[in-house]
Amino acid sequence: MPDLPDPIVYAIPGFVLLVAAEIFWSSRSQRVSFEPRDTATSLMMGLGNTVSGILFGFVGLAWFAFVAQFAVFDIGWVWWAWIVCFIADDFIYYWSHRAAHRVRWFWAEHVVHHSSQHYNLSTALRQPWTYVFTLKFIWFGTWLVLLGIPIGMVAFVSALNLIYQFWIHTEAIGRMPRWFEAVMNTPSHHRVHHATNPRYLDRNYAGVFIVWDRMFGTFEAERDDEPCRYGVVRNLGTFNPVRVAFHEWLAMIGDVARARSFGDAVGFVLRPPGWTPDASRETTDMIKARWSAQSAAQSDPQTPTGDDNPASAPAAPAE
Amino acid sequence: MSQIYVLLGSLAGIAMLVGLSAIFGRWSRPVIQSPADAAAFMKAEYFRFEPGEAVLAPDGGAAIVADVANESFGVIVTRGDRWVARVVTPQTVRQVKLTRPERLRIGFRDFTMPSAVIAFEDAQTAQRWAERLTRALDAAQPSADAHERLDPRTDTAPESAGPETAGPATADPETTGEPDHA
């Protein structure tokens, strides 16, 4: 087994230099801005994510070592396995990321990455601290190891996947060449993913290859007539990294504690963010449906909007 | 030991980038220019919100907007160089309180935004808006603790009078215990 380095460790100096370059560039452009406390929060979340990985990474490694005993094939370190592993890892990333937006248990962790109202390279480093607690590595990380791909190879290509995603967190780049936009995830596609405009909600989950979104019906192109508004549906009123890291977990625990039945409690954990038994908050599906109805009504005034009883509904949840 | 050096180096790198952001980041304090701006922002943030009357801080750093469809209110405050909005409902608000005669504090049940403070120019205006918010909360959910949402000190303040167009208010940088930038 080759002794592979952690690519992210080697990429960190590059991340720092590129963030600094984008800050300098922002002072000369009208397209990007950095707010110091927002930048500080994003970078502290990134540092905390690294510390969390050092402290709890052994849990995932132990699980993968356990699963590897039951691998179906012994693929080993053959050259083509790298290609298979990279593509398959990105495919799994798509579904993992989609689940992170559609299941509150996973969203409680992933919301951290979306919690900035800015979209710049520092946002790429705004990462959660609680990855291991979601047990995502079990639900989504198991499959390649179970297939027989070496753990080191899986870890290496996963790191490459994350490194690729760094550069797409920017408004400094408009659009890439058409062929590239068709196949690869790009700043334009990922801006849509980070936007809270109803049209853009829950779209473009891809990591490296945007083709997964095109295949599974979650692709949305960025429109020049609808600039992205970044953040979460209910933006955070704090820059405190601890509050950023744990706010959705606490909200979810509170909802479960107040649940009136076991089914409701399970719903608060496993249903989409914003779900409540009485629909008193809004999920992204509800927001999109309301937006679609309103858009249709504006284009055809005789179409009912489906927005008959707004008075009975309080505001949306934290996210 | 090497991990300690990595940690220290990371903190130094973070400090450098935050410093660069402060100097070169092209950021500025956001200003709500008009009631129409505040209304549009609330509508964009809360799809169900039907904006009505609004009061702005004179420096444009905060606003309260009436929600005519839901007989409620929305509050907008600045966070960094962006705005953050919340609606005032019995589910979201813990307390409406005048911490000083001219200063209105809205306590939220929100881990990321425990409170918002708006300093009006005069006590009468602050009192009027405190009463309006409390009335809306009580009407939405009458309860034993509803009357406690309004600070007892407001009981001695003069009754609101005059037109419902509120006087100017001042955004308070201590809004949530996180000082705003200068």
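Protein chains get the first letters and strands the later ones, always in sequence-line order, with residue 1 at the start of each.
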To check you understand the geometry: which heavy-atom pair defines the closest contact between Val84(B) and Asn235(A), and what is its length? CG1-O, 3.5 Å
Residue Arg28(A) versus chain B: region with a heavy atom under 4.5 Å: neither
I'd like to verify something: which residue of Thr196(A), Asp38(A), Val32(A), Val51(A) has the highest number of heavy-atom pairs under 4.5 Å with chain B? Val32(A)
Identify whether the distance between the nearest side-chain nitrogen and carboxylate oxygen of Asp202(A) and Lys288(A) falls below 4.0 Å. no
Indicate yes or no: does Arg281(A) engage Asp255(A) in a salt bridge with an N to O separation below 4.0 Å. yes
Side chain, backbone, both or neither: which part of Trp25(A) has a non-hydrogen atom closer than 4.5 Å to chain B? neither
Measure distances from Pro198(A) to the heavy atoms of chain B and classify the residue's part below 4.5 Å as side chain, backbone, both or neither. side chain
Between the side chain of Asn49(A) and the main-chain N/O of Arg126(A), is any donor-acceptor distance below 3.5 Å? no
Going by an N to O cut-off under 4.0 Å, is there a salt bridge joining Asp67(B) and Arg48(B)? no
Side chain, backbone, both or neither: which part of Leu125(A) has an atom under 4.5 Å from a heavy atom of chain B? neither
Side chain, backbone, both or neither: which part of Ala85(B) has a non-hydrogen atom closer than 4.5 Å to chain A? backbone
Around atom CD of Glu71(B), are there more than 12 heavy atoms from other residues, nucleotides or ligands closer than 6.0 Å? no
Toward chain B, the part of Ile23(A) with a non-hydrogen atom under 4.5 Å: both
